[in-house]
Structures are given as C-alpha cells and as structure tokens.
Amino acid sequence: MKKLISLLFIVGFSFTFISTNAQTASQEKSISGAWVSADGKEFTMMNDGFFSSVSSDSTGAWNQTHAGSYTIDNSNTITFKVLYSSFPDHIGALNTVEYDIKGGAITMKWFKKLVDAKGVDITAQVPKDSQTTYTRAKK
C-alpha cells in the first residue's frame, strides 16, 4: 500500500512538473515577438528569456533603453532583470509585473515588485496602477 501511494505521488508530481513546463513554454511563445506601445513611444522585443526596449523621452528623443533577461514566474507575472540600460543606476534592478494577453495585445501592469540595483525593495516608492498596452508590431 505504501508503495502504491508513493508511486501515485511520484506520478502526480511528474505530471504537475511536465504540465507546468508545457504551460511556461506556451506562455513564452505567446509573449515572444516585437511589441509597440499604444502611444507609439515604446518598442519592445521579447524572445527566449531576453528583452530589449527603447522608448522616447518627453521631447520625443529615442534615448531611453533597457535590455536584459526575463523569467515567466507563473501564468500572469514576469520578472525582468535589467542587464543594460541608458540609466546606469538601473542595471541589476528586478521588475516584476503582471501581464495579460488578449488577441494581439499584451497589457503590462507595472511594479508588482520593484527591487533596485542595490537589492532594496522600492515598490512602495513607485506609482500604483501604472500599465502599458502593447500590440504586436506588424511587418
């Protein structure tokens, strides 16, 4: 009886692990690609755990860049790690966001958790309910 329970536990755990990996791979495919913000002021690419983003400042100059890695944490959160930035103090920061994909659009709800480059949680210092909607960039 103990062997049967152990076997059922192992099978159940294995199924959950495989199912979670398949779900993460499916989510990766759904966010992979080039995205442009609804206002046309930000362009982002995401693929295979890497992201790159460029946006314009308030004068319209395209001079704000960030790039790095990301991990899909679960079905609706991603954590971005900034490895390169036009703002040196952002390098090393971790930004966890909620996201929602519907059709050809992805909405990022910013600052679920923000950890600065020194490892300090600064989530309480950033605006609440900030979000950006992107659509897939067309050829």
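None of these values were measured; they are calculated from a predicted model.
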When rounded to the nearest 0.5 angstrom, what distance separates [atom1] in [X] from [atom2] in [Y]?
| X | Y | atom1 | atom2 | value |
| --- | --- | --- | --- | --- |
| K81 | S69 | NZ | OG | 6.5 Å |
| S56 | D39 | OG | CG | 7.0 Å |
| I122 | F111 | CD1 | CZ | 8.5 Å |
| T44 | M108 | OG1 | CE | 7.5 Å |
| I91 | D116 | CD1 | CG | 13.0 Å |

Please name the pair of heavy atoms, one in [X] and one in [Y], separated by the smallest distance, quoted to 0.1 Å.
| X | Y | answer |
| --- | --- | --- |
| D73 | I78 | OD2-C, 3.5 Å |
| N95 | V97 | OD1-CG1, 3.5 Å |
| T123 | L114 | OG1-N, 2.8 Å |

Any chance you could pull the hydrophobic cluster mates of V115, using side-chain heavy atoms under 4.5 angstrom and chaining through other members?
-> L94

Would you list the pairs meeting ring pair (Phe, Tyr, Trp, His ring centres under 6.0 Å) in which at least one residue belongs to residues 30-57, sequence neighbours left out?
-> F51-F80

For residues 97-108, which residue pairs qualify under salt bridge (Lys or Arg N to Asp or Glu O under 4.0 Å), counting only residues two or more places apart or in two chains?
-> E98-K112, D100-K102

Could you list all the side-chain hydrogen bond (donor to acceptor under 3.5 Å, both in side chains) pairs where at least one residue sits in residues 124-134, not counting sequence neighbours?
-> E42-Y134, T107-T133, W110-T132

For residues 83-90, which side-chain N or O atoms pair as donor and acceptor with protein atoms under 3.5 Å away, sequence neighbours left out?
unit_1	atom_1	unit_2	atom_2	d
S85	OG	T65	O	3.4
S85	OG	H66	ND1	3.0
S85	OG	F87	N	2.9
S85	OG	F87	O	3.3
S86	OG	N63	O	3.4
S86	OG	T65	N	3.0
S86	OG	T65	O	3.4

Are V36 and I106 connected, step by step, through hydrophobic side chains (Ile, Leu, Val, Met, Phe, Trp, Tyr) whose heavy atoms are closer than 4.5 Å?
-> no

Residues forming a side-chain contact (heavy atoms from CB on, under 4.5 Å) with S58, sequence neighbours excluded = none

